[in-house]
Amino acid sequence: MLFRELVDTYERLEATSSRLEMTEILAEAFRRFDPAEIRMAVYLTQGQLYPDFVPLKLGMADKLALKAIAFASGAGEPLVQELMRKEGDPGLVAYIVFQSKKQTTLFSEPLTLKRAYETLEAIARAEGGGSQEHKVKLLAKLLSDASPSEAKFLSRVITGRMRLGVSTMTIVDALAVAFASKEDRDAVERAFNVSSDLGLVAETLALHGLEGVKGIRVQVNRPLRAMLAERMSSPEEILERMGGRCAFEYKYDGVRLQAHICDGEVRLFSRKLDELTAQFPDVVAGLKRAVHARSAIVEGECVPVDTNTGEFLPFQEVSHRRGRKYGVHEAVEDYPVKLFLFDCILKDGEDLTDKPFLERRAALTSIVVPDETVALSEIRLLSSPAEVQAFFQEAIRDGCEGLMAKSVAENSVYRAGNRGFLWIKYKKEYRSEMTDTVDLVVVGAFAGRGKRRGLYGALLMATYDPATDTFQTVSKLGSGFDDATLAALPEMLANDRLAARHHLVDSKMEADFWFQPRLVLEVRGAEITLSPIHTCCFGAIRPDAGLAIRFPRFTGRFREDKEGRDATTSQEILAMYQAQLKRVE
Ligand code: AMP
């Protein structure tokens, strides 16, 4: 298959912002693509080389990519760098310089998708001494055989800036339309949620159709997408929704871990499917001791504990472990943790995702012998609001965030990758004014003044609205940052910089800088108010106003485990606003 076919599709995708049109363009392309190569095409469309859980990532430094562009086009580095300052996008730079080159040079042989993909793979894999020059050479060679459009997308994908505006779920829609029908979308989405591998789903569909995809099951050492919870504000509401009776568990405040255990080996994955095995050798050893099964996938929340008092410590203590490559052993001693298991997704090779919750819990209990590192979550089956309230108080007293309600109905299956009412979180903020935190995504920033000159003065923060797939602004965040964090922000956000507002960001404010909605910050506010300038739930309470968070403060916690779309939803803010009102009345 020629790389041009894929690039033509990208050009068409870039020309539209309608999700429906994107779906049609992709579906039509998927049908045309060679089934043996569709996997590569899907990963590249996602801006990556492999599924999320494979650690090898694209992301060549701009500097190196620009070097290769300069070399392959013959444009020279000063010109390329100047264009980069102007355009801010290596893809556009490549497009411009290759267009002028093509007027004087003849095309060489056309690029195939396989060659493009394999070269990108070789670049991503190159490491060690001399690897930088090697990467530049590989890319330059590839670019010298590329058309301007091909060079544009190669330069974007290699620098981690694909940004076609195509969401994972749009690719899922398109795959269903291309190889089955719209009605079969759920089966396709399920296959993605249990495998976390869109390339595999595409290839299976293209080769074996819908039946093939229905056969995709949970597998050890391939993390599945986490099941998520809805939120409600009173025990009465929760019990009513759950049919009068359900399980309640402590809601621990730590890091979610998905543990894959097979023949004595243990691997740990985060909620975002990153592998965390190396950061938690103590948890790995604990699971080896505590879990008695040939193979298993179990899930739990990992919480820092004070070994002297047995009390939980603030969540921040676990974050010392995240992203650490060195000093893990010191971290294990300085910040001991305990894993509270709450689900069993696979036991001795059997996929339990279709089993009701209590059956999965029984499976979990049957294979775990708890000890000081691995425990089972506190759980109770309750049916009266008073009992729930009492259990909630116990949870708070024991340092938890609140409770997780879990349906025990026949249909209480493990819904990978889904947020629904089978799990409902009940957190403390609904009991009082806005004392709890929300997770907001950075969509823009304002230039700093005075002491903050040259840095960001404030960030424009947004909630996520799943109904419209947009990010709605809810506050301007300027406090709670220490000097080091303030100084580090421009660098942290450098790769997310956009020339204009992201098309999914709904804002009435003009920020000085705009970003890809990716970085999620935990924010504490004093209260939620109506505001004419913020777009969160605009019109929901009053036709001319949205909702805003007053006196927001960064808590110091970057929610690295969340993506833009995992931010607090606009509807959650609305529910919090309404709960406040109830309190005031
Ligand atoms: P939130 O991050 O506020 O959306 O709440 C959902 C998270 O709570 C899950 O992703 C888990 O990391 C965490 N959690 C803590 N305790 C439990 C529990 N008993 N059952 C399920 N999730 C839990």
Side-chain angles (χ1 to χ4, degrees), residues 223-233 238 246-259 268-274 276 283 298-304 312 315 318-319 322 337-345 357-358 360-361 364-365 368 374-382 388 391-392 394-396 398-408 412 414-430 436-441 463-464 466 520-524 555 557-569 571-573 575-576:
L224 64 159
R225 302 197 343 117
M227 176 166 176
L228 305 171
E230 277 290 350
R231 185 168 188 154
M232 279 186 147
S233 49
I238 294 173
C246 67
F248 286 86
E249 292 183 23
Y250 274 14
K251 184 175 189 303
Y252 302 90
D253 190 10
V255 172
R256 184 168 184 165
L257 289 181
Q258 195 182 102
L268 304 175
F269 297 93
S270 75
R271 171 175 158 158
K272 263 169 63 178
L273 314 181
D274 295 324
L276 296 180
V283 175
V298 291
E299 235 188 349
E301 188 87 356
C302 185
V303 195
F312 296 152
F315 165 86
V318 189
S319 55
R322 299 282 311 252
V337 294
K338 187 161 182 171
L339 177 65
F340 291 89
L341 293 171
F342 55 72
D343 218 310
C344 180
I345 295 160
F357 172 65
L358 288 181
R360 301 201 307 280
R361 178 80 192 192
L364 183 66
T365 318
V368 176
V374 177
L376 295 170
S377 62
E378 279 301 322
I379 185 168
R380 256 176 235 173
L381 281 168
L382 300 174
V388 176
F391 195 38
F392 177 81
E394 279 176 50
I396 301 295
D398 287 346
C400 291
E401 266 190 299
L403 296 176
M404 266 307 217
K406 298 189 176 178
S407 166
V408 296
S412 58
Y414 189 94
R415 298 205 56 198
N418 268 280
R419 190 183 293 283
F421 285 95
L422 290 175
W423 287 7
I424 302 174
K425 51 191 172 188
Y426 175 42
K427 300 212 285 186
K428 44 185 174 205
E429 71 270 29
Y430 290 108
D436 191 54
T437 58
V438 285
D439 299 321
L440 304 178
V441 58
T463 52
Y464 176 58
V520 178
L521 269 57
E522 190 181 69
V523 174
R524 191 182 291 288
T555 64
R557 177 175 176 192
F558 289 97
R559 292 294 311 244
E560 275 148 355
D561 56 328
K562 293 200 170 182
E563 300 180 1
R565 286 190 174 82
D566 295 324
T568 298
T569 62
Q571 288 71 21
E572 286 180 47
I573 300 286
M576 288 165 92

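All residue numbers in this chain count up from 1 along the given sequence. Whatever order the structure lists them in is the order used to number ligands and atoms, beginning at 1. Atom set for the values below is all heavy atoms of this structure, side chains included, hydrogens, waters and symmetry mates excluded.
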**Prompt:** Is the count of non-hydrogen atoms from other residues, nucleotides or ligands lying under 6.0 Å from Arg419 atom CZ greater than 12?
**Reply:**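 Yes, because the 6.0 Å sphere around CZ of Arg419 holds more than 12 heavy atoms from other groups.
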Structural part of [X] in contact with ligand 1, heavy atom criterion under 4.0 angstrom:
X	answer
Glu572	neither
Lys251	both
Tyr250	backbone
Glu401	neither

Any sub-3.5 Å donor-acceptor pair from [X]'s side-chain atoms to [Y]'s backbone N or O?
X	Y	result
Lys272	Glu560	yes
Tyr426	Ala405	no
Glu249	Lys406	no
Glu301	Gly254	yes
Thr568	Asp439	yes

Check: [X] N/O within less than 3.5 Å of ligand 1 N/O:
X	answer
Trp423	no
Arg419	no
Lys425	yes

Of the protein's non-hydrogen atoms, which lies at the shortest distance from [atom], and what is that distance?
atom	answer
atom 13 (C) of ligand 1	Glu301 OE1, 3.2 Å
atom 18 (C) of ligand 1	Phe342 CD2, 3.5 Å
atom 9 (C) of ligand 1	Arg256 NH1, 3.5 Å
atom 15 (C) of ligand 1	Tyr252 O, 3.0 Å
atom 22 (N) of ligand 1	Met404 CE, 3.4 Å

**Request:** Considering only NZ, NE, NH1 and NH2 on the basic side and carboxylate oxygens on the acidic side, decide whether Asp566 and Arg256 come within less than 4.0 Å.
**Result:**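 A salt bridge is absent here (no side-chain N lies under 4.0 Å from a carboxylate O).
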**Message:** Between Arg380 and Glu394, does any side-chain N to carboxylate O distance fall below 4.0 Å?
**Reply:**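 Result for this pair is yes, salt bridge flagged.
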Under a 4.0 angstrom heavy-atom cut-off, which atoms of ligand 1 come close to [X]?
X	result
Arg271	2 (O), 10 (O)
Glu249	18 (C), 19 (N), 20 (N)
Lys406	18 (C), 20 (N), 21 (C)

**Prompt:** Does ligand 1 have an atom under 4.0 Å from some heavy atom of Glu299?
**Reply:**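 Flag not set, Glu299 not near ligand 1.
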**Message:** Under a plain distance cut-off of 3.5 Å, with no hydrogens placed, do Ser377 and Arg361 share a side-chain donor-acceptor pair?
**Reply:** yes
**Message:** I want to know whether Tyr252 and Phe340 have ring centres closer than 6.0 Å.
**Reply:**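 Tyr252 vs Phe340: aromatic centres under 6.0 Å.
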